[in-house]
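The structure appears below as structure tokens.
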Amino acid sequence: MTAPRDLDGATVLVRIDTTTGISTCAADQIRMLAGRGARIAVLAGYADPAGDVNPTLSLGSLAGALEAATGMPVSLVPDCVGPIAEAGLASVPANTIALLENLRFHSDAQRQSRTFAIRLSVLGDYFTAVCDAPDKAPVWMRELATLLPEPAAPLSLAQSA
């Protein structure tokens, strides 16, 4: 008998820290959420492009590492908010990862804007920041956590607690 897939059809926005590559913790969390049926949309910032689109700072360079770490196909979505992000995420098949483009290409992310959190929130049903230190979270990330619920622990984990 297979385990229930309580996140079937849901999109989970997953914020990861990429400053030291793709952590085992982040890869494990992504696989666990995908195993519960979620479509995964990875959010990350990289370097400091000062709100400008800089192709040399694209997250496309991390797609291979994310795919290797998770064992799941990764599709780069060329933006992280707005119609391009919405269309790109909608085109990513189930059981794959959508890696949304560098958050820091948007000045709203740099300004720690609630507006940026609202724009991100339309992309998902749930939000989680994996393996991050909450005290170091930018304003937009704390705001996004108030707009979207965190996925509940799977029933098997909740029963063992």
Review point. Are any of the side-chain heavy atoms of Thr128 and Val130 separated by less than 4.5 Å?
Key: yes

Check your understanding: Mind checking what makes side-chain hydrogen bond (donor to acceptor under 3.5 Å, both in side chains) contact with Asp28, not counting sequence neighbours?
Key -> Arg31

Practice item. Determine the minimum heavy-atom distance between Cys80 and Ala85, stating which atoms define it. Key: C-CB, 3.5 Å

Check your understanding: Does any non-hydrogen side-chain atom of Ile22 lie less than 4.5 Å from one of Ile16?
Key -> yes

Point to revise | His106 and Phe116 aromatic ring geometry - parallel, tilted or perpendicular at 30°/60° bounds | key: tilted

Review point. Which residue pairs pass the salt bridge (charged side-chain N to carboxylate O under 4.0 Å, His left out) test with at least one member in residues 120-129, sequence neighbours excluded?
Key: none

Check your understanding: For the residue pair Glu101 and Leu59, what are the closest heavy atoms and their distance?
Key -> OE1-N, 2.8 Å

Study note, to complete from the structure: With sequence neighbours left out, the residues meeting side-chain hydrogen bond (donor to acceptor under 3.5 Å, both in side chains) with Thr11 are none

Check your understanding: Taking C-beta and beyond as the side chain, do Arg119 and Trp140 meet within less than 4.5 Å on heavy atoms?
Key -> no

Check your understanding: Looking at side-chain heavy atoms only, is the closest gap between Ser121 and Leu144 below 4.5 Å?
Key -> yes

Exercise for review: Find out whether Arg114 and Leu147 are in side-chain contact, i.e. whether some heavy atom of one side chain is under 4.5 Å from a heavy atom of the other.
Suggested key: yes

Review point. Taking it one step at a time, do Tyr126 and Leu7 satisfy side chain to side chain contact (heavy atoms under 4.5 Å, CB included)?
Key: CA-CA 10 Å; Tyr126 298 95; Leu7 295 175; 3.7 Å; yes

Exercise for review: Kindly compute the distance separating CG (Leu100) from CZ (Arg15), expressed to the nearest 0.5 Å.
Suggested key: 12.5 Å

Practice item. Among Val81, Val53, Asp79, find the residue that satisfies the side-chain contact (heavy atoms from CB on, under 4.5 Å) test when tested with Phe105. Key: Val53

Review point. With a 4.5 Å limit on heavy-atom distance, are the side chains of Leu89 and Arg39 in contact?
Key: yes

**Study point:** Non-neighbouring partners of Thr70 that pass side-chain hydrogen bond (donor to acceptor under 3.5 Å, both in side chains), sequence neighbours left out
**Key:** none

Review point. When clusters are formed by joining ILVMFWY residues with side-chain heavy atoms under 4.5 Å apart, either directly or through shared neighbours, do Met32 and Val42 land in the same one?
Key: yes

Exercise for review: Could you tell me whether the side chain of Glu86 reaches within less than 4.5 Å of the side chain of Leu123, counting heavy atoms only?
Suggested key: yes

Practice item. Output yes when a side-chain donor or acceptor of Ser58 lies under 3.5 Å from a complementary backbone atom of Asn102, and no otherwise. Key: no

Review point. What pair of heavy atoms forms the shortest contact from Met72 to Ala34, and how long is it?
Key: CE-CB, 3.4 Å

Practice item. Determine whether Leu66 and Leu57 fall in the same hydrophobic cluster, where Ile, Leu, Val, Met, Phe, Trp and Tyr are linked whenever their side-chain heavy atoms lie under 4.5 Å apart. Key: yes

Check your understanding: Within a strict 4.5 Å, meaning less than it, do heavy atoms of the Pro138 and Leu103 side chains meet?
Key -> no

Review point. What about Leu148 and Ile118, same hydrophobic cluster or not, with Ile/Leu/Val/Met/Phe/Trp/Tyr joined at side-chain heavy-atom distances under 4.5 Å?
Key: no

**Study point:** Closest contact, heavy atoms only, Pro151 versus Arg36
**Key:** CB-NH1, 4.4 Å

Study note, to complete from the structure: So CG of Leu33 and CD1 of Ile40: to nearest 0.5 Å the spacing works out to 4.5 Å

Review point. Which heavy atom of Ala44 sits nearest a heavy atom of Thr18, and at what distance?
Key: CB-CG2, 3.8 Å

Exercise for review: Taking side-chain hydrogen bond (donor to acceptor under 3.5 Å, both in side chains) as the test, write out the residues that go with Thr19, two or more places apart.
Suggested key: Asp17

**Study point:** Separation of Thr115 OG1 from Glu143 CD (nearest 0.5 Å)
**Key:** 9.5 Å

Practice item. Apply salt bridge (Lys or Arg N to Asp or Glu O under 4.0 Å) to Asp8 and list each qualifying residue two or more places apart in sequence or on a separate chain. Key: Arg5

Review point. What's the spacing between Ile97 CD1 and Ile30 CD1 if we round to 0.5 Å?
Key: 5.0 Å

Point to revise | Interatomic distance, Asn54 atom CG to Asp48 atom CG [nearest 0.5 angstrom] | key: 10.5 Å

